[in-house]
Amino acid sequence: MPEEQFVSKALLAISGILLGALLTWASTFYFQTRKEKADQKRLLTVLFGELLNIRQHYTFAYNELPSTISSQADLLSLKMSRYGPLAFSGSDLAHLGFLSNEDVRDLMQLSLVVRNTDYSIDIALEDIAKAESDFARSKVELTATHRRMKYALAVTERLITAIAQRNSHLKSILPKRIA
């Protein structure tokens with residue numbers, strides 16, 4: 001009988017250890033999953049905010065960008081049309097794995113278009129500087145820059161709409177024109 005008690009106690013101890021390990025794993029898994037969902041929601045909100053900011057910036061920049069540079073005011077409008085690097089690009093996209101394939105593609109395309117738009121603006125500014133601000137001598141053509149801005153607006157609106165449709169908590173901050 002003492003041998004049966006020993007086996008019984010050993011099985012009870014092993015069961016307790018296994019149960020404790022299972023509870024530890026389950027609680028760790030639960031809290032890790034909650035943390036990941038909270039992180040995803042935060043990243044999505046930040047990304048969504050940046051998309052709204054890009055939309056706002058390019059809406060103004062597109063409408064204010066002159067077709068030719070003929071004054072200091074036009075030059076200032078051109079300088080202010082640059083957006084700068086996106087917060088989410090390159091390796092940052094790895095953190096956005098919860099987006100759809102189309103969203104990731106569009107976000108990468110948007111990053112490229114914004115970068116290229118900034119490059120074209122920089123080149124125009126260099127051309128003006130070489131002409132020593134003699135606007136008549138500078139041959140700055142901004143048609144392609146306008147096209148890039150219009151395309152960036154289209155991609156941005158597509159992303160905003162798609163993300164908002166899948167995430168109801170973001171719909172409340174949509175601009176009226178998109179909602």
Side-chain angles (χ1 to χ4, degrees), residues 23-67 69 73-126 128 140 142-179:
L23 288 174
T24 301
W25 175 82
S27 67
T28 300
F29 180 77
Y30 171 76
F31 287 112
Q32 182 64 29
T33 303
R34 278 187 65 183
K35 182 185 179 310
E36 287 174 6
K37 285 184 180 182
D39 288 348
Q40 285 178 357
K41 188 174 181 178
R42 182 183 51 77
L43 284 171
L44 184 60
T45 301
V46 171
L47 171 64
F48 199 72
E50 181 168 34
L51 291 171
L52 292 174
N53 190 51
I54 291 168
R55 180 185 176 276
Q56 187 76 9
H57 172 78
Y58 275 124
T59 297
F60 283 113
Y62 180 80
N63 291 323
E64 291 180 355
L65 190 66
S67 54
I69 306 298
D74 291 343
L75 184 61
L76 180 61
S77 291
L78 180 62
K79 287 179 180 179
M80 291 178 17
S81 294
R82 288 183 291 208
Y83 184 80
L86 271 63
F88 290 99
S89 59
S91 62
D92 292 337
L93 291 178
H95 299 294
L96 302 174
F98 51 88
L99 293 175
S100 73
N101 293 339
E102 293 79 16
D103 293 344
V104 171
R105 178 203 61 213
D106 287 345
L107 191 56
M108 292 175 78
Q109 185 66 39
L110 181 61
S111 179
L112 180 69
V113 172
V114 168
R115 184 203 66 192
N116 289 348
T117 301
D118 285 354
Y119 284 162
S120 69
I121 291 170
D122 289 342
I123 289 169
L125 291 170
E126 287 173 13
I128 293 167
V140 175
L142 299 174
T143 306
T145 304
H146 271 103
R147 278 195 311 267
R148 281 191 190 93
M149 286 180 175
K150 188 174 182 177
Y151 180 71
L153 274 167
V155 172
T156 302
E157 290 202 6
R158 186 169 55 234
L159 274 164
I160 288 169
T161 302
I163 291 171
Q165 285 176 346
R166 290 190 310 271
N167 300 276
S168 60
H169 70 281
L170 297 173
K171 288 183 180 179
S172 65
I173 59 174
L174 278 175
K176 300 259 186 277
R177 186 174 162 267
I178 295 177

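Computation of the quantities below employed the complete heavy-atom set of this structure, encompassing side-chain atoms and omitting hydrogens, waters and symmetry-equivalent molecules.
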Query raised in the report: Closest heavy-atom contact between Ile160 and Arg55?
Result: CD1-CD, 3.9 Å

Report task. Kindly indicate whether the side chain of Leu142, heavy atoms from C-beta on, has any atom under 4.5 Å from the side chain of Ile69. Result -> yes

Query raised in the report: Is there a donor-acceptor pair closer than 3.5 Å between any side-chain N or O of Glu50 and the backbone N or O of Ala87?
Result: yes

**Report entry** Side chain to side chain, Leu107 and Val155, heavy atoms closer than 4.5 Å
**Finding:** no

Requested in this report: Please tell me if the side chains of Phe31 and Lys35 come closer than 4.5 Å, counting only heavy atoms from C-beta onward.
Outcome: no

**Report entry** Spatial distance of atom CG (Leu51) from atom CG (Leu159) [nearest 0.5 Å]
**Finding:** 5.5 Å

Query - Value rounded to 0.5 Å, distance of CG in Asn63 from OG in Ser77 - result: 11.5 Å

Query - Distance (rounded to the nearest 0.5 Å) between Leu99 CG and Gln40 CD - result: 9.0 Å

Query raised in the report: Quick one: are Tyr83 and Thr117 in side-chain contact, heavy atoms under 4.5 Å?
Result: no

Query raised in the report: Which heavy atom of Leu125 sits nearest a heavy atom of Leu78, and at what distance?
Result: CD2-CD2, 3.6 Å

Requested in this report: Looking only at non-hydrogen atoms, find the nearest pair between Met80 and His57 and report the distance.
Outcome: O-CE1, 3.2 Å

**Report entry** Exam field: side chain Thr156 to backbone Ala152, donor-acceptor pair closer than 3.5 Å
**Finding:** yes

Query - Heavy-atom side-chain contact between Val46 and Leu43 under 4.5 Å - result: no

Requested in this report: Mind running side-chain hydrogen bond (donor to acceptor under 3.5 Å, both in side chains) on Glu36 and Gln32 for me, showing each step along the way?
Outcome: CA-CA 6 Å; Glu36 287 174 6; Gln32 182 64 29; 3.3 Å; yes

Report task. State the CD-CZ distance between Glu102 and Arg158, to the nearest 0.5 angstrom. Result -> 10.0 Å

Query - Inter-residue atom distance Ile121.CD1 - Asn116.CG, 0.5 Å rounding - result: 11.0 Å

Query raised in the report: Hey, does the side chain of His146 reach the backbone of Ser67 with a donor-acceptor pair shorter than 3.5 angstrom?
Result: no

Query raised in the report: Would you find a donor on one side and an acceptor on the other, under 3.5 Å apart, between the side chain of Asn53 and the backbone of Gly49?
Result: no

Query raised in the report: When you measure from the side chain of Ser27 to the backbone N and O of Thr24, does any donor-acceptor pair fall under 3.5 Å?
Result: yes

Report task. Might you point out which heavy atoms bring Ser81 and Tyr58 nearest each other, and give the distance in Å? Result -> O-CE2, 4.3 Å

Report summary line: When every non-hydrogen atom of Gly84 is compared with those of Asp118, the smallest separation belongs to N-OD2, 2.7 Å

Requested in this report: State the CZ-OH distance between Arg148 and Tyr62, to the nearest 0.5 angstrom.
Outcome: 13.5 Å

